[in-house]
Amino acid sequence: VLVLRLRFLVFAVPVIVCLIAALLLQNLVSCLALAFVALPCLLGIVTTAWRIYVLKNRHFLPLSRWLLSCGGVFRP
């Protein structure tokens with residue numbers, strides 16, 4: 001689980017770097033780079049959190065149900 005938690009850092013660093021570049025440069029290319037980097041990294045963060053949940057609880061829950069449970073719609 002510790003190795004999976006390090007993946008949060010791996011996914012967060014490119015977003016932070018692109019965000020800083022977009023704020024400093026303030027041009028279209030840096031904003032597009034942020035958009036194209038942030039979305040896959042967000043997906044990586046969400047799926048990593050789901051994998052940690054499955055490993056900690058030792059109970060498989062499909063990703064869609066896990067997302068609904070985070071929103072309070074579904075209770076596992």
Side-chain angles (χ1 to χ4, degrees):
V1 175
L2 178 64
V3 175
L4 286 176
R5 289 189 183 174
L6 290 175
R7 287 179 59 159
F8 285 129
L9 185 63
V10 169
F11 287 124
V13 168
V15 175
I16 293 169
V17 169
C18 286
L19 181 63
I20 291 170
L23 291 174
L24 292 177
L25 299 176
Q26 296 181 353
N27 61 13
L28 182 64
V29 174
S30 60
C31 291
L32 285 175
L34 176 63
F36 286 129
V37 168
L39 290 176
C41 287
L42 178 64
L43 180 64
I45 289 170
V46 168
T47 56
T48 300
W50 170 66
R51 289 174 68 191
I52 290 172
Y53 172 82
V54 168
L55 289 173
K56 283 177 91 174
N57 294 328
R58 295 182 180 165
H59 173 70
F60 179 76
L61 190 65
L63 180 62
S64 59
R65 284 193 181 174
W66 180 76
L67 289 172
L68 290 174
S69 71
C70 291
V73 177
F74 176 78
R75 296 283 169 194

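Just so you know, residue 1 is the first one in the sequence shown, and it goes up from there. Every value quoted in this text rests on a predicted model; they were computed, and no experiment measured them.
Taking Ile, Leu, Val, Met, Phe, Trp and Tyr as members and joining any whose side-chain heavy atoms lie under 4.5 Å apart, directly or through other members, Val3 forms no hydrophobic cluster with any other residue. Annotation for Leu32: hydrophobic cluster partners, listed by chain and number, are Leu28, Phe36 (ILVMFWY side-chain heavy atoms under 4.5 Å, direct or chained).
A donor-acceptor pair under 3.5 Å is absent between the side-chain atoms of Trp50 and the main chain of Ser64, judged by distance alone.
In this structure, the separation between OH on Tyr53 and SG on Cys70 is 8.5 Å, given to the nearest 0.5 Å. Atom-to-atom distance recorded for Leu2:CG and Ile52:CD1 is 9.5 Å, nearest 0.5 angstrom.
In this structure, Val37 is not a member of the same hydrophobic cluster as Leu39, with clusters built from ILVMFWY side-chain heavy atoms closer than 4.5 Å. Tracing side-chain contacts under 4.5 Å through hydrophobic residues (I, L, V, M, F, W, Y), one never reaches Val46 starting from Leu34; they form parts of separate clusters.
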Could you pull out every donor-acceptor pair under 3.5 Å between side chains of residues 4-27 and any protein atom, sequence neighbours left out?
unit_1	atom_1	unit_2	atom_2	d
Gln26	NE2	Leu23	O	3.3
Asn27	OD1	Ser30	N	3.0
Asn27	OD1	Ser30	OG	2.7

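The side chain to side chain donor-acceptor pair (under 3.5 Å) contacts involving residues 34-48 comprise nothing, where partners must be two or more places apart or lie in separate chains.
Heavy atoms only, all atoms of each residue included: Phe60 and Pro62 are closest at CE2-N, 3.8 Å.
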